[in-house]
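Each remark here refers to the structure printed beneath this line.
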2 protein chains.
Amino acid sequence: MYNYNTGRRDKKEERKSRVLEHVVHAYVSTAVPVSSKTVAARMGGNISSATVRNIMGELEEEGYVEQPHTSAGRIPTHSGYRYYVDITKDHIRLRKKEAERLAREYNWRIRTIKEVIERTSFLISRELHNAGIVMWPSIEDFYLKHMELVKVRTETVLVILVTMTNAVKNYIVRLERDIEKAQLEKITNYINTNHEHSAFSRIAAELRSTLEDTSDSDRQDAAGIARSALAIIDSIIHEKMENEIYWEGLDYFMGEAEFQDVSITRRLLQMFSERDDLIRLMRKELPYRGIKVHIGEENSCKMLKECSVITSGYTLHGRTVGRIGVIGPTRMDYDHALRTVSCLSDLISLKLREIDW
Amino acid sequence: MYNYNTGRRDKKEERKSRVLEHVVHAYVSTAVPVSSKTVAARMGGNISSATVRNIMGELEEEGYVEQPHTSAGRIPTHSGYRYYVDITKDHIRLRKKEAERLAREYNWRIRTIKEVIERTSFLISRELHNAGIVMWPSIEDFYLKHMELVKVRTETVLVILVTMTNAVKNYIVRLERDIEKAQLEKITNYINTNHEHSAFSRIAAELRSTLEDTSDSDRQDAAGIARSALAIIDSIIHEKMENEIYWEGLDYFMGEAEFQDVSITRRLLQMFSERDDLIRLMRKELPYRGIKVHIGEENSCKMLKECSVITSGYTLHGRTVGRIGVIGPTRMDYDHALRTVSCLSDLISLKLREIDW
DNA sequence: TTTAGCACTCCTTTAATTCGAGTGCTAAAT
DNA sequence: ATTTAGCACTCGAATTAAAGGAGTGCTAAA
């Protein structure tokens with residue numbers, strides 16, 4: 001379909017593209033194979049169904065649509081969805097009224113970070129009638145203001161830390177070997193003086209390189225402190241990984257037409273039981289801020305083969321610290337999903353800034 | 001069916017009871033209405049299907065079984081399940097081999113309380129092919145060994161506490177008004193000296209009565225300390241309430257025959273979205289240690305009308321501190337469920353004792 | 001290049017029929 | 001007085017047949 005010939009051809013391609021859009025649009029909302037007649041009507045009546053039929057034939061040859069059986073309408077293939085998303089993605093814009101409503105609902109009585117996460121997830125799932133997923137902001141990208149270590153038991157340390165955003169967080173860290181109190185104080189001092197105002201990921205990286213540079217001839221003591229500090233930082237970064245995803249709205253799947261195909265829904269639920277793949281997916285694209293759309297087979301993860309996942313990053317002080325998204329069957333209202341996810345990722349970014357952690 | 005007449009009659013009732021048992025048994029495993037022939041066969045062949053038919057007729061009149069339609073087999077009613085559970089519940093005993101296998105799987109590489117919760121839930125859902133639910137042990141019933149308060153910000157206090165089981169827990173508590181450091185120390189002192197080795201619920205109760213007894217003429221200072229202490233203890237007890245339930249195995253519903261009836265499954269999933277009812281249900285019977293079985297309509301909660309919930313308490317140092325359970329369609333293998341839940345509640349109680357929190 | 005027209009395909013719906021598992025009742029057997 | 005064999009009857013489930021119709025592909029005219 002991509003083609004860079006004469007203006008004449010361009011016009012034709014343009015029309016073909018519009019036909020595809022209409023097929024996707026119609027199919028997404030009705031879940032019924034789309035006929036040439038339907039498309040002709042939607043295109044404003046100045047084109048006949050026969051012409052549309054021809055175009056659809058071409059689209060089928062090119063792999064953008066397919067027929068469930070002869071003498072049935074067309075449904076989009078994965079490539080079809082992909083094409084559709086690629087061309088619409090950039091100029092979607094939530095209608096102002098809708099955006100305002102979302103913002104109003106979003107901000108209604110919300111105070112803690114936990115509530116932010118839950119509200120986001122809830123709104124995604126309710127708006128899109130699919131499961132909403134929200135990553136917790138990754139601790140790696142937070143900036144350390146101050147850290148305190150308290151020995152609570154042998155091999156066990158309580159870490160209290162204050163981030164630049166004044167969030168107070170605390171972790172219980174279990175160490176491989178015991179550390180005396182005096183040593184602990186040295187570690188605290190070391191980190192507070194050398195690494196104040198750094199992101200945790202950077203602290204970890206710097207500690208690692210320090211350790212490598214330190215030749216054996218250097219003081220053992222310093223190396224020991226750095227090593228222990230790294231162990232603590234690492235286990236903090238690691239800690240949240242496990243529950244770093246929150247979701248909601250599994251029940252919505254049930255309402256969808258796809259439900260007829262039990263196997264898909266079942267796969268989806270299984271998916272949620274074994275969320276590792278999902279976590280990996282989202283982590284992988286964490287650095288990227290914009291919207292990403294994964295359609296069906298494009299997903300490397302087997303479970304997700306028949307689903308689409310749309311995600312978008314949210315930011316804190318200009319850095320992407322997490323992602324939100326929606327997951328549902330391949331036949332999904334991409335327009336609406338893109339609009340909503342985009343809008344909510346803006347809202348969450350705004351909210352994070354003003355929230356009292 | 002209950003009847004206290006001659007020995008002759010007893011024998012007859014006994015047989016009727018066995019017929020009902022077989023109906024439940026057969027229906028539970030096949031999900032197909034049970035015919036008189038099937039029951040006759042299962043009873044060992046020394047009874048004819050015609051006789052069974054008569055008995056089933058009586059059972060139907062008495063409301064223990066029903067027919068989906070004339071000329072179909074019988075299925076148990078809720079009363080039928082209830083009767084069945086009541087008579088079998090007391091002499092269920094997990095086969096030794098099965099129990100050993102469970103114990104082995106249970107204990108495999110488990111260290112933290114979180115892992116205990118997750119493992120329990122996982123095993124319930126995997127064994128019973130339904131959703132497993134596990135309450136976190138309620139902090140109220142833990143015994144305080146030592147408490148430490150750290151002021152981290154205005155109106156915000158970090159509470160570190162060590163329980164009698166050597167568990168270290170920590171909470172961030174937000175207060176209504178600020179407390180100075182000196183005052184904080186007094187509070188710490190007050191609790192540590194007056195309430196060491198008490199359960200949190202008792203500490204709260206005692207503080208409350210102290211406050212009531214304290215007449216206005218008493219020293220204001222003491223009252224203030226008690227009040228602040230109470231606020232802190234209360235918010236700690238309250239804190240965990242929200243997430244005090246963990247579950248797993250939603251996907252198993254899908255596999256079951258009941259799945260044909262989408263509305264039930266859907267209701268179940270919705271149920272899990274709005275878990276408040278479930279939490280309330282479990283909290284209500286928390287003090288009771290033994291197994292409780294809720295069948296279908298007996299549940300006050302609408303969502304649960306078509307489900308059964310089986311729960312059992314688990315203990316720590318002789319006190320019931322939480323409950324575990326399974327939730328699924330009314331047609332559930334009650335035998336297996338009772339056995340498994342009972343066994344796992346023993347296992348979790350044992351494990352809690354030895355776990356390194 | 002577009003479109004009207006038409007034959008053809010094949011899914012869906014409906015109706016009619018058959019099949020059989022299971023019951024309830026009656027009369028004989030124990 | 002129970003139990004049981006026997007049999008007519010019921011009613012859902014499965015099978016088949018037919019009709020209906022939405023949609024296509026192709027051809028020939030506009």
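What's counted below: heavy atoms across the whole structure, side chains too, no hydrogens, waters or symmetry copies. Order of the sequence lines sets the chain letters (A, B, ...), proteins ahead of strands, with each chain counted from 1.
Between the side chain of Thr70(A) and the base of dT9(C), no donor-acceptor pair under 3.5 Å is found.
To the nearest 0.5 Å, the span separating CD on Glu60(B) from CZ on Arg53(B) amounts to 13.5 Å. Between atom CG of residue Leu123(A) and atom OG1 of residue Thr340(A) there is a gap of 9.5 Å, rounded to the nearest 0.5 Å.
Closest to the side chain of Asn54(B), out of dC25(C), dT4(D), dG25(D), is dT4(D).
Separating the CD atom of Glu61(B) from the P atom of dT23(C) is a distance of 16 Å, rounded to the nearest angstrom. Separating the CD1 atom of Ile55(B) from the C1' atom of dG24(C) is a distance of 15 Å, rounded to the nearest angstrom. Distance, Ile47(A) CD1 to dT1(C) C1': 11 Å, rounded to whole Å. Atom CD in Glu60(B) sits roughly 11 Å away from atom P in dC25(C) (whole-Å rounding). Regarding Glu58(B), its CD atom lies at a distance of 15 Å from the P atom of dT23(C), rounded to whole Å. For Asn46(B) and dT30(C), the CG to P distance is 17 Å, given to the nearest whole Å. Atom-to-atom, CD1 of Ile75(A) to C1' of dA22(D) comes out at 16 Å; the value is rounded to the nearest Å. Across the protein-nucleic acid pair, Lys37(A) atom NZ and dT3(C) atom C1' stand 16 Å apart, rounded to whole Å.
Look at Ser71(B) and you won't find any side-chain N or O under 4.0 angstrom from OP1 or OP2 of dG22(C). Put simply, Arg15(A) has a side-chain N or O that comes within less than 4.0 Å of OP1 or OP2 on dT2(C). The side chain of Thr51(A) places no N or O atom within less than 4.0 Å of a non-bridging phosphate oxygen (OP1 or OP2) of dT2(C). When the side-chain nitrogen and oxygen atoms of Arg74(A) are compared with OP1 and OP2 of dG25(D), one or more of them lie within a distance under 4.0 Å.
No donor-acceptor distance shorter than 3.5 angstrom exists from the side chain of Arg74(B) to the backbone of Glu66(B), with no hydrogens or angles considered. Ser308(A) places no side-chain N or O within 3.5 Å of a backbone atom of Pro329(A) that could act as its donor or acceptor partner.
Listed by first residue number, the stems of DNA chain D with at least three Watson-Crick or G-U pairs below 3.5 Å are C:1-30 with D:1-30.
Residues His69(B) and Thr38(A) both approach DNA chain D. Their nearest nucleotides, taken by heavy-atom distance, put His69(B) toward the 5′ side.
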Tell me which donor-acceptor pairs under 3.5 Å the side chains of residues 37-47 of chain A have, and how far apart each pair is, sequence neighbours excluded?
unit_1   : atom_1 : unit_2   : atom_2 : d
Thr38(A) : OG1    : Ser35(A) : OG     : 2.8

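Ser36(B) comes within 4.0 angstrom of the backbone, heavy atoms only, and of no base.
Aromatic ring orientation, His25(B) versus Tyr84(B): perpendicular (interplanar angle above 60°, classes split at 30° and 60°).
The pair Glu127(B)-Arg101(B) counts as a salt bridge, with a side-chain nitrogen and a carboxylate oxygen less than 4.0 angstrom apart.
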